[in-house]
2 protein chains.
Amino acid sequence: MTTGIRHDEMRKRNRALVIAAVRRAGQPSRTEIARLTGLSHSTISAIASDLIEEGIMREIGQGETAPARRGRPQVALGLDPKAATVACLHLSFNSLSAVLVDYCGRVIDTRTHRLSTLTLGRQALVDAAVSAVREIACGHEDFLRIAFAVQGITDAAGRQMLWSPITPHSDIGFGPELEAAFGVPVTVQNDCNMIAAALRWRNPERYRDNFVAILLSQGIGMGLMLNGQLFTGTHSSAGEFGHMIHKPDGALCRCGRRGCIEAYAGNYAIWRKAHGKSAMEKPIADIKAGEMDALAALARREDGLTRQAFSEAAEAIGFGIGNLFALIDPAPVAIVGQGTAAFDILEPEIRAALAQTAGGQHAEAVSFETWPHEVPFIQHGSAMTALTSLDWEVFGPGLRHGAGGRRPESGRVVA
Amino acid sequence: MTTGIRHDEMRKRNRALVIAAVRRAGQPSRTEIARLTGLSHSTISAIASDLIEEGIMREIGQGETAPARRGRPQVALGLDPKAATVACLHLSFNSLSAVLVDYCGRVIDTRTHRLSTLTLGRQALVDAAVSAVREIACGHEDFLRIAFAVQGITDAAGRQMLWSPITPHSDIGFGPELEAAFGVPVTVQNDCNMIAAALRWRNPERYRDNFVAILLSQGIGMGLMLNGQLFTGTHSSAGEFGHMIHKPDGALCRCGRRGCIEAYAGNYAIWRKAHGKSAMEKPIADIKAGEMDALAALARREDGLTRQAFSEAAEAIGFGIGNLFALIDPAPVAIVGQGTAAFDILEPEIRAALAQTAGGQHAEAVSFETWPHEVPFIQHGSAMTALTSLDWEVFGPGLRHGAGGRRPESGRVVA
DNA sequence: GCCCATTTTTTCGAGCCTCGAAAAAAAGAA
DNA sequence: TTCTTTTTTTCGAGGCTCGAAAAAATGGGC
């Protein structure tokens, strides 16, 4: 707790809570919302009528699942799709995609641009982002947020991209640049964190307060949910799982250091080993998915260098997860991305390595779930992150109860 | 946010906030509290008079620092030491200490018992704890909490000790046993977490939302503060920093696994290496502090096996911190315990190893602080943890606004 | 077809709580 | 002794949530 609760703040929070309940439940009735939030029917009634009047929520009619029970039928409520739109950008190797989403979370439009991220200049990358937003948000004057997801390290404040394997340039301020161009708040976030956010929305039973999302692809990424919130460190987006040191002074990594997990488990590392190259050979830039599939097939078929390559990859991942679990405790793991195509080969050895670590005490109990395609998760996570920030920061506080807080400097109390 | 805010809850939280402000500020005036909490003077006046009437707070007079300014002098407020007492137990190798603390956090009484933790039975350990509490809390019928700190792994709920190097028995339910004996809530927590809690109280400027406390001693422990709260995993107390794998299939660790950080950096590991024993030799139980000091002196004096032993220890710690930082981002580090006596030898090599890791990108900027004696921190952290739980759970809610909430099953809304 | 039972939603007054303004209290300064 | 300054209390206003009761909307039974 930081600061006292005033009267108007109670309303703001309860409003936001109602919005959040509707977003999560889909099309709940007022009674349902009362149950979900623990607030009284009268309060829900009052807040709902405010929200409807303000164009944030609307009545949907009888809802889909009309159980035809006795009594007055429930009126389903839903968020008003016209309340706002948000734009989600996703920058990855040679690709920039943009999605426009309405306030309900439905996709309005989507575009994908090819571009040569490795060779483009710093300003050209920013310009590409700006014109992608301009193109997709054109004609939608109600768009209120931009969520920018990028493969790489971002700062904790969500302002800029600090480093990325897809470009030689570092410290690119996508946040300020896009804000200057469009005048709406922008968050810059690591793509794996967005995957974690999406998992929580899609399957809150399994992915609730503590879980891990690992992206296996060219490189290795991670998103970490701790205590129910996305973990972002003090400076950067953290979660550089792929660059934990697996073997001191080991194989050469794309990042220039030696012995990183990625230097054993990234596509390029598996490819390098399978082709009998030295572990100190400079990683090659891009390997086609088909080529990796062929390697996996070969490893399944016969023993040899290729199988050994996958084996080393699995060992690195297993020890990495074990070390992670030693720190933060076993938790559900989602493995996402092209690398999951070979997960049948990897899993037994990942578990074997895991079992040798402190975090693997209950290795057999650790549960993996795999998803081959990361892009839908990244888009979904970005959209939901942007929309919930609207819920809490814009539509919860509302106009009447507006940000009119004078609330003088008010220090902090930490307990 | 989980559930809506009702009217009485606003009061409860603001009451708790006032108590927290007083606990942190020491002897603030009402005006000071208003500034700290952001609440109005009238509210503070009302809440303060309630709390005073209930015997939770009291007026202290002019306070210590009377600046003799013009105007009506401030009246200093303080927590009433007679409001409650808490008992703090600390179980470590061959030692059980008990401290009784008043509601202000001042030590009333302290006792230390010698006992042979390695040979005592499960029930004997529980009995020792019970009689330690009985002895120290005797005559204080106002004691309301027991905080039990133990070297080892505890469960996330704070109910029991899952595993500890100080006893062969595992899963000892100190929580339920002590609760049954005394009828007051008990929390069982890892000693390093208590160190972290204490650091936050002692130096909130440096140790605020994200930091790491590492205990260097016989073994290696860690307490982790993330996003302003002590991190406790899903099952155990987590933070098994000492058992992250430094080198796969490396030196034999006390825990039975191989290659753990502790197997290089624990006292026994340094001793083993310095004496030319094999890295697979079974760790010996207890090494005197004097003996470690002698080894450190030898390492300072001349090159050789001993210096190499400290060097390997530093490397393990450095890579461990680096891997930790790769995951959770660089943060201030406090190193506590007997092992800090040799920190002058360790630090350069820790930094050198750190610099080779992803987390060490700004290795020179990582800041270490050392404290030789862990026990005062553990006691302080335990006491403050128990006292703040009283603040929020007992004295904040109060009697009038009591737990009389019916609040039906109320589901959860997660945003 | 009409009336009753049932469930949802709204209305209304009561009770709290916080707030701002003003008053009261308690000192030093002139 | 009076004025100034600062802290603390008092008091009425305004807002919010709550519970109870009323209103609304529908199915079931006769």
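In the text below, chain A, chain B and the rest are named by the order of the sequence lines, each starting its count at 1. Quick note: numbers below take in every heavy atom, side chains included, and nothing from hydrogens, waters or symmetry partners. Small disclaimer: the values here were computed from a predicted structure and weren't measured.
Here the C1' atom of nucleotide dT7(D) and the CG atom of L77(B) are 12 Å apart, to the nearest Å. Protein atom CD of E59(B) is 10 Å distant from nucleotide atom C1' of dT8(D), rounded to whole Å. The distance from atom NE2 of H41(B) to atom C1' of dC11(D) is 17 Å, rounded to the nearest whole Å. As rounded to whole Å, 21 Å separates atom P of dC16(D) from atom NZ of K12(B). Here dT11(C) presents its P atom at 12 Å from CG of D50(A), a figure rounded to the nearest Å. Residue R13(B) contributes atom CZ, which lies 17 Å from atom C1' of dC16(C) at whole-angstrom precision. One atom, CG of L51(B), and another, P of dT9(D), lie 12 Å apart when rounded to the nearest Å. Here dG19(D) presents its P atom at 11 Å from CG of L39(A), a figure rounded to the nearest Å.
Partners of H380(A) by side chain to side chain donor-acceptor pair (under 3.5 Å), not counting sequence neighbours, listed by chain and number: R202(A). Shown here are the side chain to side chain donor-acceptor pair (under 3.5 Å) partners of S45(A), two or more places apart in sequence or in another chain: there are none. In terms of the side chain to side chain donor-acceptor pair (under 3.5 Å) criterion, N227(A) has no residue partners (sequence neighbours excluded). Every side chain to side chain donor-acceptor pair (under 3.5 Å) that E59(A) has, sequence neighbours left out, goes to R30(A). Under the rule for a salt bridge (charged side-chain N to carboxylate O under 4.0 Å, His left out), R70(B) has no partner lying at least two apart in sequence or in another chain.
For M10(A), whose side chain is taken as the heavy atoms from C-beta onward, the closest listed nucleotide among dG20(C), dT17(D), dT8(D) is dT17(D). In the set dC17(C), dC16(D), dC18(D), the nucleotide with an atom closest to the side chain of R11(A) is dC16(D). Residue Q74(A) has its side chain nearest to dT9(C) when only dG19(D), dC17(C), dT9(C) are considered.
Between dC19(C) and T43(B), a contact under 4.0 Å exists linking OP1 or OP2 to a side-chain N or O. Taking only side-chain nitrogens and oxygens, S45(B) never comes nearer than 4.0 Å to OP1 or OP2 of dT10(D). Here N14(A) does not reach the OP1 or OP2 of dC16(D): none of its side-chain N or O atoms lies under 4.0 Å away.
Side-chain contact annotation: R145(A) with S389(A), donor-acceptor N/O pair under 3.5 Å present.
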Any chance you could list the contact pattern along nucleotides 21-30 of chain C? Use B for base contacts, S for sugar-phosphate-only contacts and - for none, protein heavy atoms under 4.0 Å, 5' to 3'.
-> ---BBBBBS-
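A salt bridge does not link K82(A) to D102(A): none of the charged nitrogens lies less than 4.0 Å from a carboxylate oxygen.
Heavy-atom nearest nucleotides on DNA chain C were determined for I47(B) and for I44(A), and the one closer to the 5' end corresponds to I44(A).
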